[in-house]
Amino acid sequence: KIGSQLFSKYYVGFGFTSKTGADLYGEPSASSSLYYDPATMKPVDVATSSIGQTFKVTPLQMATALCAVANGGYLMQPYIVQKIVDSDGDVIKNTEPTVRRQVISSDTSERMCAMLENAVSGGAIKKCRALQTHFRKLRGEHADRAVDRIDVMMGYGDYLARIGVR
């Protein structure tokens with residue numbers, strides 16, 4: 001049991017309460033009405049929130065948080081364009097990876113990566129097993145909401161992070 005204070009610390013730490021700051025026009029602002037105040041959370045709120053039943057986050061926020069798990073616990077500044085080159089091949093603008101903060105320890109990151117890998121290789125996400133031939137290791141998690149008929153898979157391989165919504 002982590003309780004509302006610690007849950008909220010990680011929720012904020014993984015970036016779910018703010019814009020990602022990616023170089024993408026029109027990213028929506030996170031509204032405080034979309035998540036609980038830790039001071040008023042009840043145990044049932046923590047339980048349902050821990051499995052994503054009560055929050056609304058963007059796919060970019062989810063991808064950024066998943067990448068933090070994959071990157072040793074470091075939350076990176078996401079970007080869409082890595083570099084811009086002119087017709088002569090000269091680099092006009094180059095985006096370097098930037099660490100925003102460390103959310104979890106590298107040990108916790110390794111443990112979570114192993115759990116995500118097991119979710120795929122152990123059969124919890126059967127649809128993804130075929131993709132394992134394309135990656136040394138494929139890690140992922142699956143969720144669905146029967147009420148909204150939404151099926152989500154998020155995962156990453158050697159050089160790929162992806163979120164699929166059906």
(message) Quick check for you: to the nearest 0.5 Å, what is the distance between Asn71 atom CG and Ser106 atom OG?
(response) 12.0 Å

(request) State, with a plain yes or no, whether a side-chain heavy atom of Met41 is found less than 4.5 Å away from one of Ser49. (result) yes

(message) If I take atom CG from residue Asp107 and atom CE from residue Met112, how far apart are they, to the nearest 0.5 angstrom?
(response) 12.0 Å

(request) Locate the shortest heavy-atom distance separating Ser4 from Pro38; write the atom from each residue and the value. (result) OG-O, 3.0 Å

(message) According to a hydrophobic-cluster definition based on side-chain heavy atoms being under 4.5 Å apart (Ile, Leu, Val, Met, Phe, Trp, Tyr only), do Val99 and Ile104 belong together?
(response) no

(message) How long is the straight-line distance from CD1 of Ile80 back to OG1 of Thr95, given to the nearest 0.5 Å?
(response) 10.0 Å

(message) The criterion is side-chain hydrogen bond (donor to acceptor under 3.5 Å, both in side chains); which residues satisfy it with Asp88, sequence neighbours excluded?
(response) none

(request) Quick one: list whatever passes side-chain hydrogen bond (donor to acceptor under 3.5 Å, both in side chains) with Gln102, sequence neighbours left out. (result) Tyr74

(request) Without swapping roles, check the side chain of Asp23 against the backbone of Val81 for a donor-acceptor pair under 3.5 Å. (result) yes

(request) Nearest 0.5 Å please: distance from the OG1 atom of Thr58 over to the NZ atom of Lys19. (result) 11.0 Å

(message) Can you confirm whether the side chains of Thr20 and Gln61 place a donor and an acceptor under 3.5 Å from each other?
(response) no

(request) Anything under 30° is parallel, anything over 60° is perpendicular, the rest tilted; go ahead and classify Tyr11 against Phe7. (result) parallel

(message) Looking at every heavy atom in both Gly13 and Val103, which two are closest together, and how far apart are they?
(response) O-CG2, 3.2 Å

(message) With rounding to the nearest 0.5 angstrom, report the OH to CG distance, Tyr79 to Leu24.
(response) 14.5 Å

(message) Looking at Ser8 and Gln5, would you say the former's side chain and the latter's main chain have a donor-acceptor pair under 3.5 Å?
(response) no

(message) Is the shortest side-chain heavy-atom distance between Cys67 and Met76 below 4.5 Å?
(response) no

(message) Using side-chain heavy atoms (C-beta onward) and a distance below 4.5 Å, is Phe14 in contact with Val69?
(response) yes

(request) Might you confirm whether atom CZ of Arg101 has over 12 heavy atoms from other residues, nucleotides or ligands at distances under 6.0 Å? (result) yes

(request) Scan side-chain atoms only and decide if Thr108 and Ser105 contain a donor-acceptor pair under the 3.5 Å cut-off. (result) yes

(message) Return the OG to CD distance between Ser18 and Glu27, rounded to the nearest 0.5 Å.
(response) 8.5 Å

(request) For Gln77 and Ala22, work out which heavy atoms get closest and say how close. (result) NE2-N, 3.5 Å

(message) Could you report the tightest heavy-atom contact between Ala65 and Phe16, atom names first, then the distance?
(response) CB-CZ, 3.5 Å

(request) Check the hydrophobic clustering (I, L, V, M, F, W, Y; side-chain heavy atoms under 4.5 Å; chains of links allowed) and say if Leu75 and Leu6 are grouped together. (result) yes

